[in-house]
Protein chains: 2
Amino acid sequence: MSGHKLSSLAVDIRRVAAEAGVSIATVSRVLNNPGRVSPQTRERVLEIATRLGYRPNPNGKRLRKGRAETIGLVIPSPQGRFADSFFLELLAGLGEGLSDAGLDLLVATCPPGAEELACYRRLVEGKRVDGLVVARTRRYDERIAYLLEQNIPFVSHGRSDLISTPYPYLDVDGRQGFYMATQHLLHLGHRDIAYIGAPHELNFATHRLAGFQQAMLEASVPIRPEWLLEGDLSEKSGHQLAQSLLEPPELPTAILCANDLMALGVLRALRERGLRGGREVSVIGYDDIPQAQFSDPPLSTVHQPFRDTGKRLVEMLLARLGGAPVSALQEVWVPELVLRGSDGPPQT
Amino acid sequence: MSGHKLSSLAVDIRRVAAEAGVSIATVSRVLNNPGRVSPQTRERVLEIATRLGYRPNPNGKRLRKGRAETIGLVIPSPQGRFADSFFLELLAGLGEGLSDAGLDLLVATCPPGAEELACYRRLVEGKRVDGLVVARTRRYDERIAYLLEQNIPFVSHGRSDLISTPYPYLDVDGRQGFYMATQHLLHLGHRDIAYIGAPHELNFATHRLAGFQQAMLEASVPIRPEWLLEGDLSEKSGHQLAQSLLEPPELPTAILCANDLMALGVLRALRERGLRGGREVSVIGYDDIPQAQFSDPPLSTVHQPFRDTGKRLVEMLLARLGGAPVSALQEVWVPELVLRGSDGPPQT
DNA sequence: GTACGTGATGTAAACGTTTTCCATACCTTA
DNA sequence: TAAGGTATGGAAAACGTTTACATCACGTAC
């Protein structure tokens with residue numbers, strides 16, 4: 001109304017400085033290094049800055065400081081539809097801490113496969129991000145190798161066992177998770193336990209399988225090779241493999257699935273045969289996705305706290321950007337077995 | 001080996017210019033305005049630029065051009081877990097077109113509610129984005145109002161009926177979708193149809209309800225007020241409302257749900273009562289989320305092509321950024337009714 | 001032969017910050 | 001009182017681009 005609209009369009013540091021009768025250096029200091037300026041001027045500049053609604057132009061800042069003030073996440077988008085909201089939860093967890101730290105979150109999506117690395121290249125070589133979080137690690141993860149080689153800060157959600165150089169990671173111990181799950185089944189009296197694993201190139205596939213194997217070994221229960229399957233993590237895949245598993249003559253009394261989606265597929269296969277999950281056949285999944293609560297029967301599974309994980313990942317990344325040593329940034333969390341309705345003692 | 005590693009660390013436009021024996025202006029022109037430079041030099045500069053692996057520093061460019069070269073998406077993160085992967089699909093759709101256009105995608109997450117607008121403010125007033133896509137529109141959407149007022153380019157996924165100023169949107173016609181769904185139920189012979197709606201502040205809630213009402217009205221079938229419910233879009237909510245609906249004496253023969261998650265909750269409630277969805281009670285949802293294929297019975301629903309939608313949204317936003325008039329950027333798509341197993345003729 | 005368009009290039013000024021120096025004034029201390 | 005530290009603030013140089021403007025050579029039309 002009284003303010004001249006046009007002149008207010010560009011309120012830069014110069015404008016604030018002029019208005020306050022100080023140099024732009026002082027304004028900058030007030031905002032970035034408040035201790036270096038006297039309380040009176042600081043006060044005045046602050047007052048004027050807020051009155052004018054001054055927001056430092058991030059591009060000026062970024063150029064000057066040589067940083068992107070941005071961290072990146074690349075999401076591989078499946079050909080089909082996203083069935084599992086892992087990345088969404090991760091995003092939610094990341095977002096929180098990041099905006100507090102004044103960092104932006106750059107998300108790139110790309111078809112999985114070869115293009116993925118190109119996507120990382122674009123982000124780091126194009127100086128678009130200061131750091132990255134990588135998720136869904138593979139046993140030998142070329143993304144991690146690349147980032148290490150480029151010496152750019154990153155944190156990994158999940159480890160990459162075949163990479164020997166130390167790097168920061170936060171992993172949830174799938175080995176432990178399935179060790180517990182298997183023990184639970186064994187205690188219930190199961191001996192005929194089938195396993196539907198994840199694609200072996202995924203790092204967690206190995207861990208989860210190892211947990212299963214260890215528990216079986218310790219209990220001296222043999223694992224039948226024909227009951228050791230590998231799915232692609234989709235519902236459909238679980239469904240299909242379960243069908244083969246449920247062919248007579250011999251049925252397993254329990255099926256352990258490397259993720260919930262496949263476990264849900266298994267439950268569906270059971271229903272279709274008139275078998276009831278948790279009665280005739282026990283099923284345990286991994287992840288604790290939201291649908292797990294509502295399946296029929298509700299799915300027993302290993303809970304992964306994706307969102308907390310996301311939060312912690314940004315803390316770690318921030319620490320890394322701040323120069324923390326890698327050795328202080330390696331964490332393995334212990335997951336929690338949550339029992340719902342899909343497990344029970346074997347039918348005799 | 002032969003190359004000096006340190007000097008290659010910072011390969012900027014100056015370096016390329018020096019190497020090619022031209023001015024930096026020429027290098028810049030080669031990259032941005034190739035026609036303005038002679039074929040020979042263009043060739044030479046190009047060759048050197050690729051040999052050196054030159055990538056223009058985005059911050060220099062952004063500062064100079066006064067653009068962020070980034071578009072924003074803010075995702076409201078629910079208190080609980082994300083159950084529905086709508087935003088992921090949208091992201092996948094957006095990502096594709098954006099990186100082709102050389103734009104980055106900035107994602108912010110925030111708790112829904114008052115902070116949401118603050119999040120938008122931060123992005124636009126902080127000049128962090130050139131444009132935005134807003135999703136999950138409300139009937140009066142203050143985000144749209146704000147963006148219009150700020151005169152910043154954006155595209156909306158879904159309309160906001162109470163905002164009269166024209167703005168670019170891409171909507172899927174929920175009215176039409178539920179008109180078709182209701183007609184289908186009516187043709188099957190249903191008369192006692194219950195409706196579980198979405199929170200009324202959401203814009204699509206009105207549309208979907210209107211489609212239902214219109215079909216019922218045209219068929220002269222009365223809508224029973226006690227069968228007109230409103231849920232919060234969660235599975236739990238659908239489950240709970242279905243329970244109340246299934247109290248005798250009078251049961252609806254069909255239940256229409258404003259989204260799939262609630263419909264899945266309804267199916268669960270039916271199962272718990274020993275009723276079979278599609279037989280005793282028909283259920284139709286909306287969205288066609290991945291789980292819909294695998295529910296028991298598979299859910300009949302109205303398909304929304306989220307990913308295509310995302311793709312188109314970036315095309316529209318790009319057009320908008322390029323100066324296309326709003327009037328050319330308003331689209332309403334017609335959804336598709338996909339019938340699976342959860343609908344059928346009423347039991348008499 | 002002069003004037004003039006045209007095409008190709010260079011010069012230099014931005015864009016909005018942060019930060020390194022300096023300069024000044026003041027206070028402390030011997 | 002001189003010397004030296006300590007706050008405080010300004011001037012100016014970056015950061016890496018793009019682009020308006022100037023320059024220059026060259027052909028062409030009169």
Side-chain angles (χ1 to χ4, degrees), chain A residues 7-46 48-49 52-70 102-104 125-130, chain B residues 7-46 48-49 52-70 102-104 125-130:
Chain A
S7 66
S8 81
L9 271 187
V11 43
D12 60 355
I13 200 176
R14 238 170 293 272
R15 174 88 184 283
V16 178
E19 205 93 359
V22 297
S23 75
I24 62 170
T26 300
V27 177
S28 176
R29 277 190 283 253
V30 167
L31 267 42
N32 301 309
N33 207 351
R36 278 259 312 150
V37 60
S38 84
Q40 301 93 311
T41 39
R42 186 199 315 153
E43 207 59 29
R44 184 157 38 99
V45 168
L46 231 37
I48 292 191
L52 261 47
Y54 168 64
R55 314 266 203 136
N57 182 315
N59 293 327
K61 182 179 213 159
R62 295 201 250 245
L63 178 56
R64 171 61 225 233
K65 304 190 86 160
R67 300 211 208 92
E69 309 217 277
T70 298
L103 295 183
D104 287 341
E125 285 164 35
K127 294 201 192 323
R128 302 181 117 76
V129 299
D130 298 322
Chain B
S7 67
S8 81
L9 271 187
V11 44
D12 59 356
I13 199 175
R14 235 170 296 270
R15 174 88 185 283
V16 178
E19 205 93 359
V22 297
S23 74
I24 61 170
T26 299
V27 176
S28 176
R29 276 191 283 255
V30 167
L31 266 42
N32 301 309
N33 209 348
R36 286 248 317 139
V37 60
S38 85
Q40 302 92 311
T41 40
R42 187 198 316 152
E43 208 60 31
R44 184 159 38 98
V45 169
L46 232 37
I48 292 192
L52 262 46
Y54 169 64
R55 314 265 204 138
N57 181 316
N59 294 325
K61 181 179 214 158
R62 294 201 251 246
L63 177 58
R64 169 62 224 230
K65 304 191 87 159
R67 301 210 206 92
E69 308 216 279
T70 299
L103 294 183
D104 288 341
E125 286 163 35
K127 296 202 193 321
R128 303 180 116 75
V129 299
D130 299 323

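Residue numbers begin at 1 in each chain, while the letters A, B, ... track the order of the sequences. Values below: every heavy atom of this structure, side chains too, minus hydrogens, waters and symmetry copies.
- Distance A/Q40 CD to D/dA7 P: 14 Å, rounded to the nearest Å.
- A/N32 comes within 4.0 angstrom of sugar-phosphate atoms only, judged by non-hydrogen atoms across all strands, and of no base.
- In this structure, A/K127 atom NZ and D/dT17 atom C1' are separated by 14 Å, rounded to whole Å.
- In terms of phosphate contacts, B/T26 brings no side-chain nitrogen or oxygen within less than 4.0 Å of OP1 or OP2 of C/dA8.
- Closest to the side chain of B/N57, out of D/dT17, C/dG16, C/dT18, is D/dT17.
- When distances are taken from the side chain of B/Y54 to each of C/dC21, C/dT17, D/dT17, the shortest belongs to D/dT17.
- If you check distances only, the side chain of B/R36 never reaches the base of C/dG7 with a donor-acceptor pair under 3.5 Å.
- Nucleotides of DNA chain C nearest to B/R64 and B/A25 differ in position, and the one nearer the 5' end is that of B/A25.
- Atom CD1 in B/I24 sits roughly 11 Å away from atom P in C/dA12 (whole-Å rounding).
- In terms of polar N and O atoms assigned as donor or acceptor, the side chain of B/R15 never comes within less than 3.5 Å of the base of D/dG16 in a complementary pairing.
- Contacts of A/R62 with the nucleic acid, taken as non-hydrogen atoms under 4.0 Å apart, are absent.
- For the pair A/R44 (side chain) and A/A20 (backbone), a donor-acceptor distance under 3.5 Å is present.
- The nucleotide whose nearest atom lies closest to any side-chain atom of A/K65 is, among C/dT18, D/dG16, D/dG9, C/dT18.
- Nearest to the side-chain atoms of B/K61 among the listed nucleotides D/dG10, C/dT17, D/dT18 stands D/dT18.
- Counting any heavy atom pair closer than 4.0 Å across all strands shown, B/R14 reaches a base atom.
- Salt bridge annotation for B/D104-B/R62: present, with a cationic side-chain nitrogen under 4.0 angstrom from a carboxylate oxygen.
- Nucleic acid contact for B/S28: base, since at least one base atom lies under 4.0 Å from a heavy atom of the residue.
- Atom-to-atom, CG of A/L31 to C1' of C/dT18 comes out at 12 Å; the value is rounded to the nearest Å.
- Minimum atom distance to the side chain of A/S38 is reached by D/dG9, of the listed D/dG10, C/dT18, D/dG9.
- Heavy atoms of B/N59 sit nowhere under 4.0 angstrom from any nucleic acid atom.
- A/R67 has its CZ atom 17 Å from the C1' atom of D/dG16, to the nearest Å.
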